[in-house]
Chemist: 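The structure's right below; bear with me while I get my questions together.
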Amino acid sequence: MPNRQRITLQEDLTIYHALEQKGRLLEALNQADEVELDLSQVSEMDTAGLQLLILLKREAQKAGKQATIVAHSQAVRSVIDFCNLAAFLGDPLVIPAQEAH
């Protein structure tokens, strides 16, 4: 049975937090076979945050591991959609019912 770790980020995925978050994400990937990333609490994301998600996905692939985004905030979905990277990241972008109106 694979070792799975779930990380919930509550800080913004921006350049101001990128270095700290990079270390946290790569350490989780180092310790587990599967990393589930909950981004439902992220209120702001910029391209530095997007680069972290791409880095996590690529490092997981190189290591034969899995990194999955299991929840996306509106801010995260907006940046992923704007950059047309939903297919590259490969995780379903679920829109909660309260936001679908």
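Only a predicted model underlies this, so the values are computations on that prediction, with no experimental measurement involved.
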Chemist: Among Leu29, Leu25, Leu26, Ile69, exactly one meets side-chain contact (heavy atoms from CB on, under 4.5 Å) together with Val35. Which residue is that?
Modeler: Leu29

Chemist: Between Gln31 and Asn3, what is the shortest heavy-atom contact and its length?
Modeler: O-ND2, 2.8 Å

Chemist: Would you compute the distance between atom OG of Ser73 and atom CD of Gln10 and round it to the nearest 0.5 angstrom?
Modeler: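 Ser73 OG to Gln10 CD: 12.0 Å, rounded to 0.5 Å.
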
Chemist: Under the side-chain contact (heavy atoms from CB on, under 4.5 Å) test against Leu37, which residue among Thr68, Leu53, Val42, Val70 passes?
Modeler: Leu53

Chemist: Indicate yes or no: at least one non-hydrogen side-chain atom of His72 is less than 4.5 angstrom from one of Ile80.
Modeler: yes

Chemist: Which heavy atom of Val76 sits nearest a heavy atom of Met45, and at what distance?
Modeler: CG2-SD, 3.8 Å

Chemist: Between atom CG of Asp91 and atom CG of Leu85, what is the distance when rounded to the nearest 0.5 Å?
Modeler: 12.0 Å

Chemist: Going by heavy atoms in the side chains, are Glu11 and Arg24 under 4.5 Å from each other?
Modeler: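 The answer is yes; the side chains approach within 4.5 Å.
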
Chemist: Please confirm whether the backbone N or O of Asn84 pairs with a side-chain atom of Asp81, one donor and one acceptor, at under 3.5 Å?
Modeler: no

Chemist: Is it the case that one hydrophobic cluster holds both Ile15 and Leu9, taking links as side-chain heavy atoms less than 4.5 Å apart, direct or via other members?
Modeler: no

Chemist: Closer than 3.5 angstrom, by distance alone: can the side chain of Lys57 be matched with the main-chain N or O of Leu89 as a donor-acceptor pair?
Modeler: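 Side chain of Lys57 to backbone of Leu89, a donor-acceptor pair under 3.5 Å: yes, one is there.
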
Chemist: Any side-chain to backbone donor/acceptor pair from Lys65 onto Ala32? Under 3.5 Å, distance only.
Modeler: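 Yes, the answer is positive, given that a donor and an acceptor are paired below the 3.5 Å cut-off.
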
Chemist: Please check: side-chain N/O of Gln21 versus main-chain N/O of Asp12, any donor-acceptor pairing under 3.5 Å?
Modeler: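 Side chain of Gln21 to backbone of Asp12: a pair is present.
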
Chemist: Measure the shortest side-chain to side-chain distance between Gln5 and Glu34 over non-hydrogen atoms and say whether it is less than 4.5 angstrom.
Modeler: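 Answer no - side chains too far apart.
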
Chemist: Check the side chains of Gln51 and Thr47 for a donor-acceptor pair under 3.5 angstrom, ignoring hydrogens and angles.
Modeler: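 Short answer, no.
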
Chemist: Tyr16 and Leu50: same hydrophobic cluster, using ILVMFWY side-chain contacts below 4.5 Å?
Modeler: no

Chemist: Using a distance-only test with no angle check, is there a side-chain donor-acceptor pair under 3.5 angstrom linking Gln74 and Arg77?
Modeler: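 There is such a pair between these side chains.
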
Chemist: Examine the side chains of Ser40 and Asp38 and answer whether a donor and an acceptor come within less than 3.5 Å of each other.
Modeler: yes

Chemist: Does Leu55 belong to the same Ile/Leu/Val/Met/Phe/Trp/Tyr cluster as Leu19, with side-chain heavy atoms less than 4.5 Å apart forming each link?
Modeler: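 No; Leu19 is not reachable from Leu55 via cluster members.
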
